[in-house]
Q: 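Pasting in a structure now, in structure tokens, and then I'll have a few things to ask.
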Amino acid sequence: MGFLDILLGRTKAVAPDLDQLFGLPSAALTLQAAAGFTPTGTGAVCFASVEGGAFAQAHQEVQELLDADAERTGPPVEVSRDEYGYSWLLSRREPDDLPALVSDLHAVNSALEGSGFGPQLLCSVAGFQDSGQRRLGLVYLYKRGTFYPFAPLTGEAQRRDNALELQVKAALADDLRIEQDLSRWFPIWGAPGL
């Protein structure tokens with residue numbers, strides 16, 4: 001970063017650090033103690049689809065890798081496309097097996113990144129809920145290397161529980177690299193598994 005960048009307020013982009021995902025299991029313990037939220041066993045990776053054989057092959061290899069897991073119980077990995085044209089790869093595990101879910105999310109991100117499709121990766125999300133059925137997603141922003149909470153309100157059309165999001169931000173400050181720029185806390189309406 002040069003002197004002119006400092007004067008103009010430009011910052012150096014943070015390199016993605018996929019190993020940050022492995023902080024989710026310990027953060028889940030803190031989240032349960034602080035706010036009563038437990039993992040749902042669902043997680044998803046969002047990426048911008050690219051036309052072409054190389055991307056289709058990488059996408060197929062990722063899905064086959066996760067589907068081949070002999071210890072997986074429940075439905076195979078699901079692929080969907082949202083209303084904005086982004087693709088989601090959804091993984092389901094037992095709610096008490098968050099480490100396996102995190103490994104799935106890491107494998108998807110790593111495989112796409114290793115195939116040269118890192119720029120298409122947008123985010124990963126792990127789902128949580130409390131005893132009152134409130135939903136919460138811990139979202140990892142691939143390009144920023146940070147997390148933020150996303151708490152959609154149940155039964156309300158595209159409204160968020162901002163107070164809960166700020167409570168979770170404070171509770172997890174020592175467990176995860178939290179995104180400090182609140183304008184980057186993008187809503188992920190309709191994210192599968194959330």
Side-chain angles (χ1 to χ4, degrees), residues 1 4-40 42-48 82-90 98 101-102 105-106 108-109 112-113 118-194:
M1 180 170 11
L4 188 57
D5 291 329
I6 294 170
L7 286 177
L8 295 175
R10 295 183 205 142
T11 59
K12 189 174 182 179
V14 176
D17 181 7
L18 292 176
D19 289 343
Q20 293 293 316
L21 289 169
F22 292 115
L24 280 172
S26 65
L29 296 174
T30 303
L31 187 59
Q32 184 174 3
F37 280 84
T38 58
T40 61
T42 59
V45 175
C46 181
F47 51 93
D82 66 19
E83 64 185 90
Y84 303 105
Y86 295 110
S87 294
W88 291 85
L89 197 145
L90 173 69
L98 186 58
L101 179 67
V102 168
L105 299 177
H106 190 277
V108 170
N109 281 288
L112 290 175
E113 183 181 63
Q120 278 67 41
L121 289 167
L122 301 175
C123 69
S124 297
V125 61
F128 294 82
Q129 72 179 22
D130 68 1
S131 59
Q133 302 302 308
R134 291 187 302 170
R135 297 174 296 146
L136 175 73
L138 290 181
V139 182
Y140 175 75
L141 290 172
Y142 176 80
K143 290 175 177 60
R144 303 276 297 172
T146 56
F147 288 87
Y148 69 90
F150 173 66
L153 287 171
T154 304
E156 305 237 4
Q158 297 192 347
R159 293 198 48 219
R160 297 165 77 164
D161 187 341
N162 298 109
L164 176 59
E165 290 177 355
L166 293 174
Q167 176 189 358
V168 170
K169 174 187 183 247
L172 297 181
D174 293 334
D175 292 288
L176 298 173
R177 187 183 300 161
I178 300 293
E179 176 59 52
Q180 296 302 311
D181 183 355
L182 300 184
S183 69
R184 295 197 180 267
W185 290 21
F186 304 110
I188 51 173
W189 306 118
L194 187 59

Q: Any chance you could measure Phe128, atom CZ, to Leu31, atom CG, to the nearest 0.5 Å?
A: 5.5 Å
Q: Is any side-chain heavy atom of Gln32 closer than 4.5 Å to one of Phe37?
A: no
Q: Check whether more than 12 heavy atoms from other residues, nucleotides or ligands sit under 6.0 Å from atom CG of Asp174, and answer yes or no.
A: no
Q: So that I know where these two stand, are Phe150 and Trp189 an aromatic pair - ring centroids less than 6.0 Å apart?
A: yes
Q: Working to the nearest 0.5 angstrom, can you tell me the gap between Gln120 CD and Leu112 CG?
A: 8.5 Å
Q: For the CH2 atom of Trp88 and the CG atom of Leu194, what is their distance to the nearest 0.5 Å?
A: 8.0 Å
Q: Could you measure the distance from the CG atom of Asn162 to the CH2 atom of Trp185? Nearest 0.5 Å is fine.
A: 9.0 Å
Q: Do Tyr140 and Leu105 have side chains that approach each other closer than 4.5 Å (heavy atoms only, starting at C-beta)?
A: no
Q: Below 4.5 Å, heavy atoms only, C-beta onward: do Leu101 and Pro39 meet side chain to side chain?
A: no
Q: Are Gln133 and Thr154 side-chain neighbours, meaning at least one heavy-atom pair lies under 4.5 Å?
A: no
Q: So, do Leu172 and Leu138 sit near enough that their side-chain heavy atoms are less than 4.5 Å apart?
A: yes
Q: Quick check: closest heavy atoms across Ala48 and Tyr86, and the distance to 0.1 Å?
A: CA-CD2, 3.8 Å
Q: Between Lys143 and Leu122, is a side-chain contact (heavy atoms from CB on, under 4.5 Å) present by the stated rule, with each step listed?
A: CA-CA 7 Å; Lys143 290 175 177 60; Leu122 301 175; 4.1 Å; yes
Q: Is any side-chain heavy atom of Leu176 closer than 4.5 Å to one of Leu24?
A: yes
Q: Can you see which heavy atom on Pro149 is nearest to which on Leu136, and at what distance?
A: CB-CD1, 3.9 Å
Q: A side-chain contact here means heavy atoms from C-beta on lying under 4.5 Å apart; do His106 and Asn109 qualify?
A: no
Q: Looking only at atom types and distance, does a side-chain atom of Ser124 sit under 3.5 Å from a main-chain N or O of Val45, one as donor and one as acceptor?
A: no
Q: Measure the spacing between CG of Asp161 and CD of Gln167 and express it to the nearest 0.5 Å.
A: 8.5 Å
Q: Counting only N and O atoms by type, is there a donor-acceptor contact under 3.5 Å from the side chain of Arg160 to the main-chain atoms of Ala151?
A: no
Q: At their closest point, which heavy atom of Val139 faces which heavy atom of Cys123, and how far apart are they?
A: CG1-CB, 3.8 Å
Q: Can you tell me how far apart CZ (Arg134) and CD (Gln129) are? Round to the nearest 0.5 Å.
A: 11.0 Å
Q: Considering all heavy atoms of both residues, which atom of Gly193 and which atom of Thr42 are nearest to each other, and what is their separation?
A: O-OG1, 2.7 Å
Q: Do you know which two heavy atoms are closest between Leu21 and Phe147, and how far apart they sit?
A: CA-CZ, 4.0 Å
Q: Any side-chain heavy atom of Tyr148 sitting closer than 4.5 Å to one from Glu165?
A: no
Q: Can any side-chain N or O of Lys169 pair as donor or acceptor with the backbone N or O of Gln180 at less than 3.5 Å?
A: no
